[in-house]
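Encoded as structure tokens, the structure appears first; notes follow it.
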2 protein chains.
Amino acid sequence: MTRETPSKTRKPKRGQTREALMAAALDLVVKKAPFSSLSLREVTKRAGVVPTAFYRHFSDMSALGLTLLDESFRTLRQMMRQVRQEQRPDENMLRGSVETYFNYVGENRAHFLFVAKELFGGTPTMRNAIRREIRMFTNELAMDMARFPFLNHFSSEDLQMMAALVVNNVTALTQEMLELEENDEFGQQQVLIAAEKQLRLIFLGVTQWKSSSPATS
Amino acid sequence: MTRETPSKTRKPKRGQTREALMAAALDLVVKKAPFSSLSLREVTKRAGVVPTAFYRHFSDMSALGLTLLDESFRTLRQMMRQVRQEQRPDENMLRGSVETYFNYVGENRAHFLFVAKELFGGTPTMRNAIRREIRMFTNELAMDMARFPFLNHFSSEDLQMMAALVVNNVTALTQEMLELEENDEFGQQQVLIAAEKQLRLIFLGVTQWKSSSPATS
DNA sequence: TTTTTTAGTGAACAGGTGTTGACAAAAAGG
DNA sequence: CCTTTTTGTCAACACCTGTTCACTAAAAAA
């Protein structure tokens, strides 16, 4: 027979602790420091558990980081698929894609901030994982471009170069967007307009491009 | 006339330790972690002094960081001046500028790595300082562009947008360059070639650009 | 039910952290 | 020379870090 002393320390936390840890880490990244400089105890404190509970779910902080990274890119890929489905090769394609993308950024600030801060500040493992993912996006964009009739005469190196140009800029603009306050709708609109203009200019250059240097081989 | 000023400004060789601290911090940033996650003791240890000696030169780590940032941008601005001086508006202008710039990046890896890692991972103070500097470069580039006859009919907004496009890409390519091993000369050459192509494509777009949206009046 | 596996707690450790204060050597100023 | 200011050292503090161990409540399996 267990003597029910009314209110001692409650323990029933059940299996949502893992998600609480991930949410806590993301939260701290948003309003404090890059993930790399978070401490295990800090995260567990914010998640409302004792430090040792951490080890029931992750082997160490870097494991948590990789899980978070995976989560970030899973949702991002899912959005890219959506952008691609909506994509019709007409006038408004560019504007639509840009809007969809930056809307998504706005709705997933935490994940994007996490990735942006790790892109250079993280461990080599993290950095490589992120860069691999970005390279993948670049490749897919290059392949998408190759399907357009007025682009498919370019060499794959040129297409790759053009795709990289686009991705570089979108990345930079995303970072710019993330530096803005969450409620700075005017600033966000400005970035969006700038993004559209810059991409339009790039595609203007693409239509004029002729591969003058055969390069390697 | 140029005699020793017998003034009260005493500055014999006061600086050995101070510079050792800065060098140590930079060194740790290169081969370990972002500056934000360095500890005071770590830096003093590498500099070969006792922790308390630190306070004779800097009030805290963030003061060291800002000094380092200042140093980085002072040398960078100096190089930009050099690029601008060499700049003649002819065919080889772009290639020459790109080469000069990336050469400089290679010779100052430590400073660029420091800046790159703080650009997103640093404290708000640091981030703002860096972004202000980048914005300054963008403005100067826009002003340089305005001096070209075939560009001076663009609105200053358009010029600003184009300059931002260039700066965004150079920044991204610089980061790409920094991710390479210091002795990976092939990879570095590849980045340089890509950089030149991308910038050429951008300027191709610029020549075709016409400001369709008058935007804000 | 009983048994086993999972997921939480709390105390304790060895070590790293920023910062303090008192003190000493060395350089600068007279 | 002597005095003052600068610049380093050493010891100590209170705190935070990751990680271990033994223990227990709750959930799952039997």
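Chain naming here is simple, since letters A, B, ... match the order of the sequence lines and numbering starts at 1 in each. This one's a predicted model, so the numbers in the text were calculated from it and none came from an experiment.
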Notebook entry, point to check: Taking the side chain of H57(B) as heavy atoms from C-beta outward, which of dG18(D), dT7(D), dT19(C) is closest to it?
Noted result: dT7(D)
Notebook entry, point to check: Considering only dT17(C), dG18(D), dT9(D), which nucleotide approaches the side chain of V49(B) most closely?
Noted result: dT9(D)
Notebook entry, point to check: Got more than 12 heavy atoms from elsewhere within 6.0 Å of CD, E71(B)?
Noted result: yes
Check: Can you tell me how far C1' of dG18(D) sits from CZ of F58(A), to the nearest Å?
Finding: 17 Å
Next item on the list: For L38(A) and dT17(D), give me the distance from atom CG to atom C1', rounded to whole Å.
Entry: 13 Å
Next item on the list: Return the value, rounded to whole Å, for the distance between atom OH of Y55(A) and atom P of dT17(D).
Entry: 12 Å
Next item on the list: Return the set of residues passing ring pair (Phe, Tyr, Trp, His ring centres under 6.0 Å) with F58(B) (not counting sequence neighbours), or none when no residue passes.
Entry: F54(B)
Next item on the list: Measure the distance from CZ on R41(B) to C1' on dT19(C) and round it to the nearest whole Å.
Entry: 9 Å
Note to self: Output the rounded distance in Å from CZ (R18(A)) to C1' (dT6(C)).
What the structure shows: 14 Å
Note to self: Whole angstroms only, please: what is the CG-C1' distance between L40(A) and dT19(D)?
What the structure shows: 9 Å
Next item on the list: Using modelled atom types only, decide if a donor and an acceptor are shared between the side chain of Q160(B) and the backbone of S155(B) within a distance under 3.5 Å.
Entry: no
Next item on the list: For this output row, return yes or no: ring centroids of F114(B) and F35(B) closer than 6.0 angstrom.
Entry: yes
Next item on the list: When you get a sec, tell me which of dG10(C), dA12(D), dT20(D) is the closest nucleotide to the side chain of V50(A)?
Entry: dG10(C)
Notebook entry, point to check: Whole Å only: how far is the CZ atom of F54(B) from the P atom of dC10(D)?
Noted result: 19 Å
Note to self: Can you confirm whether the side chains of S36(A) and E118(A) place a donor and an acceptor under 3.5 Å from each other?
What the structure shows: yes
Notebook entry, point to check: How do E42(A) and R56(A) order along DNA chain D: which one's closest nucleotide is nearer the 5' end?
Noted result: E42(A)
Checklist line | Contact under 4.0 Å: T52(A) side-chain N or O vs dT9(C) OP1/OP2 | finding: no
Next item on the list: Would you kindly give the CG-to-P distance between L28(A) and dT17(D), to the nearest whole Å?
Entry: 11 Å
Notebook entry, point to check: So, is S39(B) close to the dT17(C) phosphate, meaning a side-chain N or O under 4.0 Å from OP1 or OP2?
Noted result: yes
